[in-house]
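Data block below; observations after.
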There are 2 protein chains.
Amino acid sequence: MGAQADRAGTASDDLIELLFFAYRDFVGDPDRILAEYGFGRAHHRVLHFVDRYPGLTIAELLDILRITKQSLNRVLKDLIEQGYIEQKTGTSDRRQRLLFCSRAGADLAADLTRVQARRLARALADPVEAGETLPSGASTSAHSFLLSMIEPDERAAVRRLMARRTKGAA
Amino acid sequence: MGAQADRAGTASDDLIELLFFAYRDFVGDPDRILAEYGFGRAHHRVLHFVDRYPGLTIAELLDILRITKQSLNRVLKDLIEQGYIEQKTGTSDRRQRLLFCSRAGADLAADLTRVQARRLARALADPVEAGETLPSGASTSAHSFLLSMIEPDERAAVRRLMARRTKGAA
DNA sequence: TGAGATATGTCAACAACACTGACTTATATC
DNA sequence: GATATAAGTCAGTGTTGTTGACATATCTCA
């Protein structure tokens with residue numbers, strides 16, 4: 001083999017590291033905004049999913065975030081007390097608590113989404129550097145790549161969740 | 001606009017979420033191995049970078065990880081005491097502590113890298129689903145995409161760091 | 001050589017966010 | 001009415017991050 005590819009798995013090894021750096025900066029953007037509100041990443045995640053999937057139940061949220069109900073409750077309580085998220089009793093099952101963003105919650109969620117979407121859009125659009133090319137289908141490729149990174153057993157659940165959103169668009 | 005793209009930024013919005021799920025599973029793999037050793041993610045990150053860049057100094061490591069020296073020291077101490085990482089006094093500057101993996105450290109790092117590289121390799125190779133295609137240059141595209149996700153000011157530093165590794169390959 | 005900068009190590013306190021285990025309340029289901 | 005389920009809560013713990021203060025060894029430069 002040539003000098004370039006001497007070490008096995010070099011390509012993937014580089015990606016491991018790039019994923020670390022990329023994710024670090026990706027969550028760094030919202031961190032600055034959240035700090036102004038006294039919130040952390042845990043609050044962000046809750047706000048994000050409630051904003052995108054209004055009417056989410058506690059159980060569904062726990063399944064998405066993969067944390068315990070005690071951990072969720074701590075941050076959810078903050079968000080509710082400060083008026084960013086509202087609870088409504090389920091209609092078909094009155095044991096459930098359906099979660100919704102208030103106007104303020106939706107606004108904050110939009111701010112957070114904006115900075116992250118901006119970084120992503122730039123990353124997909126920029127020619128980056130000499131020799132690097134991201135074809136017009138970059139967004140589709142990225143979508144496909146990230147989906148494949150998800151544990152196979154759980155891809156269906158993620159697809160199902162995300163399909164909820166696309167529906168109401170027509 | 002059509003029914004598909006009603007909401008502005010839908011593509012990027014989906015990617016935000018997929019990045020969350022993908023990263024969750026990506027770090028989940030090593031977590032299971034680390035737990036057997038009583039280590040956490042912080043230990044993983046230190047071990048990873050010391051393994052890949054032997055002779056790294058404390059200051060360099062702090063710059064990469066973006067944590068305080070107190071935080072680093074806690075986990076670094078564990079790794080040194082348990083024989084996974086070794087320190088050597090710098091030659092040109094005797095104040096510096098150059099970090100190296102022991103045999104055991106390199107073995108553990110290799111185990112951790114293996115599971116993550118496997119997931120990445122699969123994600124780049126798999127046709128994922130009907131309609132989705134990842135061209136042969138998938139690895140290059142992913143590399144380019146992730147690099148573009150990094151804060152522009154810091155890309156040079158990341159490139160410089162990663163260039164260290166490629167050198168010795170010939 | 002001596003003053004000051006730099007690299008590292010360490011002590012103490014604290015905060016965010018995760019965990020386990022145990023228990024309660026309200027509601028649904030059979 | 002017995003049992004299961006959805007959610008809320010109390011108490012304790014662990015990891016990983018933070019600040020602030022200070023110690024030690026070594027380098028650099030006037």
Side-chain angles (χ1 to χ4, degrees), chain A residues 20 23-24 27-28 30-50 55-82 85-100, chain B residues 20 23-24 27-28 30-50 55-82 85-100:
Chain A
F20 164 77
Y23 199 79
R24 182 190 69 179
V27 297
D31 278 354
R32 278 166 235 128
I33 298 174
L34 291 160
E36 297 170 19
Y37 292 78
F39 292 145
R41 284 180 198 174
H43 299 88
H44 183 193
R45 290 192 284 267
V46 171
L47 192 63
H48 171 89
F49 284 104
V50 172
L56 218 51
T57 66
I58 301 289
E60 287 170 328
L61 198 44
L62 288 175
D63 189 55
I64 290 170
L65 300 175
R66 300 286 184 76
I67 58 176
T68 59
K69 111 188 112 160
Q70 294 89 330
S71 288
L72 172 58
N73 229 280
R74 182 155 15 95
V75 292
L76 185 54
K77 197 184 286 178
D78 290 342
L79 290 165
I80 290 171
E81 284 174 357
Q82 295 178 46
I85 287 185
E86 290 159 5
Q87 287 192 347
K88 297 182 185 171
T89 298
T91 47
S92 64
D93 186 337
R94 294 178 43 80
R95 289 173 303 182
Q96 294 180 332
R97 298 286 174 271
L98 310 186
L99 303 170
F100 298 87
Chain B
F20 165 77
Y23 199 79
R24 183 190 66 179
V27 298
D31 278 353
R32 278 166 235 129
I33 298 173
L34 291 160
E36 297 171 20
Y37 292 78
F39 291 146
R41 283 180 198 173
H43 298 89
H44 182 192
R45 290 193 283 267
V46 171
L47 191 63
H48 171 89
F49 285 103
V50 172
L56 218 50
T57 67
I58 301 290
E60 286 169 328
L61 198 43
L62 288 175
D63 190 54
I64 290 169
L65 300 176
R66 302 287 184 77
I67 56 175
T68 59
K69 103 189 122 162
Q70 294 90 328
S71 288
L72 172 58
N73 228 279
R74 195 168 23 209
V75 292
L76 185 55
K77 198 185 284 180
D78 291 342
L79 290 165
I80 290 171
E81 283 173 358
Q82 295 178 46
I85 287 184
E86 290 159 4
Q87 288 191 349
K88 296 182 184 170
T89 298
T91 48
S92 64
D93 186 337
R94 294 179 43 82
R95 289 172 303 181
Q96 294 180 330
R97 299 287 173 268
L98 310 186
L99 303 171
F100 298 88

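Since the structure is predicted, the reported quantities are computational estimates derived from the model, not experimental observations. Order of the sequence lines fixes the chain letters, A, B, ..., with proteins taken first and strands second; residue numbering starts at 1 for each chain.
Residue whose closest nucleotide on DNA chain D sits further toward the 5' end, between A:Asp93 and A:Lys77: A:Asp93. Two residues, A:Arg95 and A:Gly38, neighbour DNA chain C, and the one matched to the more 5' nucleotide by heavy-atom proximity is A:Gly38. The 5' end of DNA chain C is approached more closely, in terms of each residue's nearest nucleotide, by B:Glu60 than by the other of B:Glu60 and A:Gly90.
If you check every strand for non-hydrogen atoms under 4.0 Å, B:Lys69 touches a base. Backbone-only engagement by A:His43 is indicated by non-hydrogen atom pairs under 4.0 Å involving sugar-phosphate atoms exclusively. At the heavy-atom level, A:Arg41 lies under 4.0 Å from the strands shown only through sugar-phosphate atoms. Counting non-hydrogen atoms under 4.0 angstrom, B:Gln87 reaches the backbone sugars and phosphates but no base.
Of the side-chain N and O atoms in A:Arg45, one or more sit less than 4.0 angstrom from OP1 or OP2 of C:dA18. The phosphate of C:dC19 (OP1 or OP2) has a side-chain N or O of A:Ser71 nearer than 4.0 angstrom. Listed pair A:Thr68 / C:dA18 fails the phosphate criterion, with no side-chain N or O lying under 4.0 Å from OP1 or OP2.
One can place CG of A:Leu34 at 13 Å from C1' of C:dA16, the figure rounded to the nearest angstrom. Taking atom CD on B:Gln96 and atom P on C:dG9, their separation rounds to 11 Å, with Å as the unit. Taking atom CG of A:Asp31 as the reference point, atom C1' of D:dT16 lies 14 Å away to the nearest angstrom. In this entry the distance linking CG of A:Leu65 with P of C:dC17 reads 12 Å, nearest Å. Distance B:Ile67 CD1 to D:dG17 P: 5 Å, rounded to the nearest Å. In this structure, B:Asp63 atom CG and C:dA7 atom C1' are separated by 14 Å, rounded to whole Å. The nearest whole Å value for the distance from the CG atom in A:Leu56 to the C1' atom in D:dA7 is 14 Å. The distance from atom CG of B:Asn73 to atom C1' of D:dT19 is 16 Å, rounded to the nearest whole Å.
Proximity of A:Ile80 to A:Glu86: side-chain heavy atoms (C-beta onward) are nowhere separated by under 4.5 Å.
Within 3.5 Å, a donor on the side chain of A:Gln70 pairs with an acceptor on the base of C:dG21, or the reverse. For A:Arg74 against C:dA18, a side-chain-to-base donor-acceptor contact under 3.5 Å is present.
For the atom pair B:Asp78 CG and B:Phe39 CZ, the distance stands at 6.5 Å (nearest 0.5 Å). Within the model, atoms CG of B:Leu56 and CG of B:Leu62 stand 9.5 Å from one another, a figure rounded to the nearest 0.5 Å. To the nearest 0.5 Å, the span separating CG on B:Leu98 from OG1 on B:Thr57 amounts to 7.5 Å. In this structure, the separation between CG on A:Asp31 and CZ on A:Arg41 is 4.0 Å, given to the nearest 0.5 Å.
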